[in-house]
Amino acid sequence: SVANFILLRFPDQPGKTAQDADAFLRARGLVARAMGAYHLPDCLRLSVGPEEANSLVIAALTEFMSA
């Protein structure tokens with residue numbers, strides 16, 4: 001399909017949940033959309049943006065998942 005966002009699913013593991021990832025990203029000035037209202041509490045929606053912004057999000061999520 002074609003969309004301007006990606007849906008990321010996070011594990012149900014303490015410290016690695018979608019809510020934890022959202023807090024981690026927000027602390028770095030990066031905003032994702034929580035998907036709990038759409039019955040997807042383990043997901044975040046990220047809009048596809050400019051290459052620089054996408055790279056920042058990828059680096060932050062890599063750090064988050066590696067910690």
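Both backbone and side-chain heavy atoms feed into the values below; hydrogens, waters and symmetry mates do not. The structure displayed is predicted, hence computed values, not measured ones.
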Which heavy atom of Leu30 sits nearest to which heavy atom of Ala60, and what is that distance? CD1-CB, 3.8 Å

Gap separating the CD1 atom of Ile58 from the CG atom of Leu46, nearest 0.5 angstrom: 9.5 Å

Is the ring pair Phe64/Phe24 parallel, tilted or perpendicular, if the boundaries are 30 and 60 degrees? tilted

Please check: side-chain N/O of Asn54 versus main-chain N/O of Gly49, any donor-acceptor pairing under 3.5 Å? yes

Donor-acceptor pair, Gln19 side chain versus Ala34 backbone, under 3.5 Å? no

Can you tell if the side chain of Leu61 reaches within under 4.5 Å of the side chain of Leu25, non-hydrogen atoms only? yes

Ionic contact status for Asp22 with Arg26, cut-off 4.0 Å: yes

Inspect the surroundings of CG in Asp12 and state if more than 12 heavy atoms from other residues, nucleotides or ligands are less than 6.0 Å away. no

Identify the two heavy atoms, one from Ala18 and one from Cys43, that lie closest to each other, and give their separation to 0.1 Å. CB-N, 3.8 Å

Nearest 0.5 Å please: distance from the CZ atom of Arg33 over to the CG atom of Leu7. 11.5 Å

How far does CE of Met65 sit from CD of Gln13, to the nearest 0.5 angstrom? 7.0 Å

Is it possible for you to say whether Phe5 and Leu44 belong to one hydrophobic cluster, with membership spreading through side-chain heavy-atom contacts below 4.5 Å? no

